[in-house]
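A short write-up of the structure that comes next.
Chain A is the first sequence line, chain B the second, and so forth, proteins listed ahead of strands; every chain is numbered from 1.
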Protein chains: 2
Amino acid sequence: MKRDVEAVLRGLGIQPTIQRVIIACYVLSTDEHPSAEQVFAKVKGRVPVLSRATVYNTLNTFVEKGLLRELVLAEGNVVFDPNVGKHHHFIDDDSGRIHDVPWDAVKVANIDGLSDFEVRDYQVVMRGRRRKRRR
Amino acid sequence: MKRDVEAVLRGLGIQPTIQRVIIACYVLSTDEHPSAEQVFAKVKGRVPVLSRATVYNTLNTFVEKGLLRELVLAEGNVVFDPNVGKHHHFIDDDSGRIHDVPWDAVKVANIDGLSDFEVRDYQVVMRGRRRKRRR
DNA sequence: TCGTGTCTTAGAGTACGTCTAAATACTGAA
DNA sequence: TTCAGTATTTAGACGTACTCTAAGACACGA
């Protein structure tokens, strides 16, 4: 795991320091959408010392290099999404948790028909209740 | 204008104080999507004294009562939208400005087909460049 | 080994927003 | 009108998320 991550970072031109590798290991393996503070809390124990500034710097670097995507969907904080492919988002009213929705699950038509806007990127943002899994 | 706004506020069960009327006049007449700080800056001059807390309280009250909608789309701050009907949003890469996109300009299909989620509300969020108006 | 540039650190600084306690304004009843 | 109770506003303290700064640690090539 660590090996792979190191290679990925190097491939993006990011020097794989201990801090960066550990942060990357965490954010790339979780299927949550953690905020910088959550990352800080999770990763802090796994490394001798770690400053808040490093976490913020590292996450921002990852976003710049395309390893992560930054999402601003809910109030109060920016979260990071290891899934950089095209997909939509669903936000649970109860828990506030963000879930990925596959690109093809929802169809959007006529984006190109807008006369005033040249759309580079888009997504559907949904809010509501998560349905109980039927078994 | 002031008269109308007073009536609207009263209709929603909001006591129309001077501060609230002036704030409402501003946010309801702008076609921007101002943040609380912007509202504070704009409105400050028009009333003898006005505290930051009042602006935040008032805007939150307006949202609760359905006069405004709160949007969290772009980094850094919550903005308020006087257009409470269904519509989509476009965010200009260059200026960061948010533009409304009519509900019918874009078609979304299969929202109801999602098996895991019960969608209460949704919108398409687009990013890109605003096209120069052709004349 | 040395030197240069990169990275990390702690803590100060900033921005946005909420909370508190006190002062003021409004309301309805007598 | 007067009064009491409630609602609203105020200044400033507080909280949280995030960025900046200056100094030290580290990495790597000559």
Side-chain angles (χ1 to χ4, degrees), chain A residues 5-7 9-10 12-27 33-65 67-68 70-80 96 98, chain B residues 5-7 9-27 33-65 67-80 96 98:
Chain A
V5 168
E6 273 183 45
L9 294 187
R10 240 185 277 274
L12 291 168
I14 304 172
Q15 207 178 106
T17 64
I18 315 98
Q19 290 86 348
R20 288 174 176 171
V21 171
I22 300 210
I23 291 172
C25 279
Y26 171 61
V27 286
H33 295 75
S35 67
E37 292 295 323
Q38 278 173 276
V39 173
F40 180 60
K42 277 278 182 186
V43 166
K44 198 170 175 43
R46 301 192 206 167
V47 76
V49 282
L50 178 67
S51 141
R52 197 172 247 97
T54 300
V55 175
Y56 281 92
N57 289 340
T58 300
L59 292 171
N60 290 337
T61 303
F62 287 179
V63 170
E64 269 170 39
K65 302 289 186 175
L67 225 205
L68 294 178
E70 200 180 70
L71 295 179
V72 188
L73 295 176
E75 176 143 12
N77 50 13
V78 176
V79 303
F80 296 89
I98 298 168
Chain B
V5 169
E6 273 183 46
L9 294 187
R10 240 184 277 274
L12 291 168
I14 304 172
Q15 207 179 104
T17 65
I18 315 100
Q19 291 86 348
R20 288 174 177 170
V21 170
I22 299 211
I23 291 171
C25 279
Y26 171 60
V27 286
H33 296 74
S35 68
E37 293 293 324
Q38 280 173 274
V39 173
F40 181 59
K42 278 276 182 187
V43 166
K44 198 169 176 42
R46 301 193 207 166
V47 76
V49 281
L50 178 67
S51 141
R52 203 176 298 274
T54 300
V55 174
Y56 281 91
N57 289 340
T58 299
L59 291 171
N60 290 337
T61 303
F62 287 178
V63 170
E64 269 170 38
K65 302 290 185 174
L67 225 206
L68 293 179
R69 185 197 296 200
E70 200 179 70
L71 296 179
V72 188
L73 295 177
E75 175 142 14
N77 49 13
V78 176
V79 302
F80 297 89
I98 298 169

Looking only at side-chain N and O atoms, does [X] come under 4.0 Å of OP1 or OP2 in [N]?
X	N	value
A:R20	C:dT8	yes
B:T17	D:dT8	no
A:Q19	C:dT8	yes
B:Y56	C:dG17	yes

**Message:** Between B:T61 and B:E64, do the side chains contain a donor N or O and an acceptor N or O under 3.5 Å apart?
**Reply:**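 No, no side-chain donor-acceptor pair sits under 3.5 Å.
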
**Request:** Would you name the heavy atoms of B:A36 and B:Y56 that are closest together and state the gap between them?
**Result:**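 Smallest interatomic distance, heavy atoms only, reads CB-CE2, 3.4 Å.
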
**Request:** List the atom of B:E6, the atom of B:P16, and the distance in Å for their closest heavy-atom pair.
**Result:**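 In terms of heavy atoms, the two residues are closest at CG-CB, 4.0 Å.
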
Nearest to the side chain of [X] - [options]?
X	options	value
B:V49	D:dT8, D:dA11, C:dC7	D:dA11
A:L50	D:dT19, D:dC18, C:dT9	C:dT9
B:S51	D:dA27, D:dT10, C:dA10	D:dT10

Rounded off to whole Å, could you give me the [atom1]-to-[atom2] distance for the [X] and [N] pair?
X	N	atom1	atom2	result
B:E37	C:dT14	CD	P	15 Å
B:E75	C:dC16	CD	P	12 Å
A:N57	D:dA17	CG	P	18 Å

**Request:** Please say which of A:L59, A:L12, A:V27 ends up in a side-chain contact (heavy atoms from CB on, under 4.5 Å) with A:L67.
**Result:** A:L12

